[in-house]
Amino acid sequence: MRKVDQSCGKGLSGLGRASKDPLRREASVGETGTEDLCPGFPAMEKKKWILTVVLALIVAMLPLTFRILESHQVQRLYTGELTDMILGKLGGWASSNHDLSTDKALASKFIAPNLTACHPSYGRPDLLVHCCPPGFESPVPFVDFQFPDPQSPKRVRRPVQLVDENYIAKYNKALSIMKSLPYDDPRSFARQANLHCLFCTGAYDQQNSNTPLSIHRTWLFFPWHRMMIYFHERIIGSLIGDDTFAFPVWTWDIPEGMVMPDIYANMNLSFFHKVRDFSHFPPRVADLNYFEETNLSPQEQLDTNLAFMYNQMVSGAKKTELFMGCTYKANEGYCNSPGTVESAPHNTLHTWVGSNLEPGREDMGKFYSAARDPIFYAHHSNIDRLWEVWREIHKHELDIKDPDWLNSFFFFYDENLKLVKIKVRDVLDISKLGYSYEEVDRPWLNKRPTPSVPPKVARQILKSKENENQFRLSSDFGPHGRALDASLTVKVNRSKNHLTKREKGEEEVIVVHGIEVKGDAYAKFDVYVNMVDQTIISPKSREFAGTFAHIPGGGEMMKRKIDLKLGVSELLEDLEAMEDESIWVTLLPRTASCSSVTIEGVQIKYIK
Ligand code: C2O
């Protein structure tokens, strides 16, 4: 892993190495300009001002250069990044007290794909897939993202159960057109679907590194999918000349939306897709915490779903990272820890929709194939809506402010066939993006679960079980982790000053760390706290802390160990466990595939 701080003489080696790459040749001006910017170089202080002036001149010249390049309204890849980089350095100097050896600002850590470094990737451990767009080897002209004209009509995304015949006919027609476009056309349905394959299986390397870029199980999950469906929606609209077209939303979190929407199950419409699990067609109520078929009555399933939503949206998601997923930055290795809603209902419903006859429950059940199913877009509209709901619940106070997140960027083709560079910061205000969601109820907000057994009784039973040595202690996971071939209960110690931490507003978090999934199949285990009787619990019980619902990819991605983080402060309060020195955490395997899942340990941490 390259650290700019330590790469003296070979400063910005990523750029240097990449200069053989046709796409990166554009950055050659910057290479000579930045090669000398070696932190800690002798006499740096004197040279710095000279360099500042030179760089300032370069920056001043860049708009002019762009204007020349933009004679066709285009830029070339990397000119924009070059500006960012130089500005980053100048900003760093201005604010760093001239202490360059510790100047973190020198290292921009935004994530971005290198479009010319695309390669086959693994859709499943046993399946190499080729999702790269035609001609990716050559640099492609691009434009910077611009917000749609504020005067243009708003696109209002409505719950799919509320849309009328007229709307269905329009969308149906547009989707048929999209499906008939040739593969060469980036607006074609197949190319749109492959966008997901590209970014979710690690087909692109990151800029300035050879590390594959993958947006799942990171803080890029929400913004990347927002971008993808934003462009898809506008393309759909433009194919039928309708600038008000907005997605239907599969609102699976409210009772009215908890079945597969009819239009997706109607064989006469282009939304129908045959690679699905037909036993899950209407009127089957969706299982938001799906692992296998249950025999719950529709009403029981519905109640369980609402309690589950409460956990995923409210009690389990009280800190940014718990909802958004882990901090993912360039040159810091990978991060691999999903947010609550990404694990479930997102992953669980992908799996629930996918076909039971396919090895990876394709198409929805694997990321390389998921976006081939039109329901993907209705599913992700709801994911996108719930992101807004969560932000609203927290009055936008938990929004990420880290510039590396804000400046991470991607490329998408728009409805006019232009390649657009779009940053995370561009997609944080949906009204500026020209769309909104029709107001939807939040019935799960008041579905706070209750304990399945009175907490005092539970504690006594747990203590006697402990005396009979029925539990493992948190330390005996062994150097290679422990396989989750059977249910596992561990006693986990809490911090001595957990009460003070709580007063300071810190969230208590169960971390199941170093999770490795070796198999190919969907793997799911649930996590319970102070659970006494496994036959009477469900997400409706307060003991339920959350779930690990994992869709394995393949190749590089498989080697990355995962951390599962579950916020439990409210849960511990409801279980009257706030004063306790330790808690019992049970990992309950839900799929047979858990026998090829290993875990390195369970701990309690605190998030400020
Ligand atoms: Cu990128 Cu629903 O997944």
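Numbering of ligands and ligand atoms starts at 1, following listing order.
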Got an N, O or S from H379 under 2.8 Å of atom 2 (Cu) of ligand 1?
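No, since none of the N, O or S atoms of H379 sits under 2.8 Å from atom 2 (Cu) of ligand 1.
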
Confirm or rule out an N/O/S atom of C200, from backbone or side chain, lying less than 2.8 Å from atom 2 (Cu) of ligand 1.
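No, C200 does not qualify, because none of its backbone or side-chain N, O or S atoms lies under 2.8 Å.
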
Could you check if a side-chain atom of I422 sits within less than 4.5 angstrom of a side-chain atom of V427, using non-hydrogen atoms only? yes

Handout entry: For atom 1 (Cu) of ligand 1, the closest N/O/S atom belonging to H196
Key =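 Looking at H196, the N, O or S atom with the least distance to atom 1 (Cu) of ligand 1 is NE2.
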
### Task
Apply side chain to side chain contact (heavy atoms under 4.5 Å, CB included) to the pair V285 and N305, showing each step before the final yes or no.
CA-CA 10 Å; V285 179; N305 284 344; 4.1 Å; yes

Can a cation-pi geometry be assigned to R191 and Y183, taking NZ or CZ under 6.0 Å from the six-membered ring centre and within 45° of the ring axis? yes

* Could you check whether the rings of H350 and H379 sit parallel, tilted or perpendicular, using 30° and 60° as the cut-offs? => perpendicular

